[in-house]
Amino acid sequence: MRAHRLLTTATIVAYDELVAPAILALAPPGAELVPVGRRRGTSPEAPSIHPRVLELALEGRDVVRLKGGDPMIFGRGGEEAEQLAALRSRSRSFRA
């Protein structure tokens with residue numbers, strides 16, 4: 001229920017390519033949809049968080065991040081959370 005509420009009131013939705021179009025359709029009209037998925041073969045040195053998502057978070061914007069599959073095992077959700085925690089003094093709080 002929390003995820004549905006956050007998505008249906010979001011102003012910015014950052015999503016992976018594996019997120020179903022029916023899920024993205026829950027975002028309100030006018031919400032900024034930001035595709036941030038990685039493809040196989042992405043460099044291991046690539047940042048854990050997509051630069052656009054990080055930029056928006058550091059601006060203090062509320063960003064809903066949608067990941068396909070199990071984000072804490074296959075989707076690098078843990079790495080993104082660690083990076084946001086390290087930047088907490090420069091950005092708003094986050095929840096996983």
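Along the sequence shown, residues carry numbers from 1. We use all heavy atoms of the structure for the numbers below, so side chains are in, but hydrogens, waters and symmetry mates are not. What you see is a predicted model, and the numbers here were worked out from it, not measured in a lab.
Here the closest heavy-atom approach between residue A31 and residue A10 is recorded as CB-O, 3.6 Å. Of all the heavy atoms in V63 and A14, the pair that sits closest is CG1-CB, 4.1 Å.
Between L66 and L24, some side-chain heavy-atom pair lies under the 4.5 Å cut-off.
In this structure, R52 CZ and E32 CD are separated by 5.0 Å, a value rounded to the nearest 0.5 Å. From L56, atom CG reaches atom CZ of R65 across 12.0 Å, with rounding to the nearest 0.5 Å. Summarising the geometry, atom CD1 belonging to I23 is positioned 8.5 Å from atom NE2 belonging to H4; distances are rounded to the nearest 0.5 Å.
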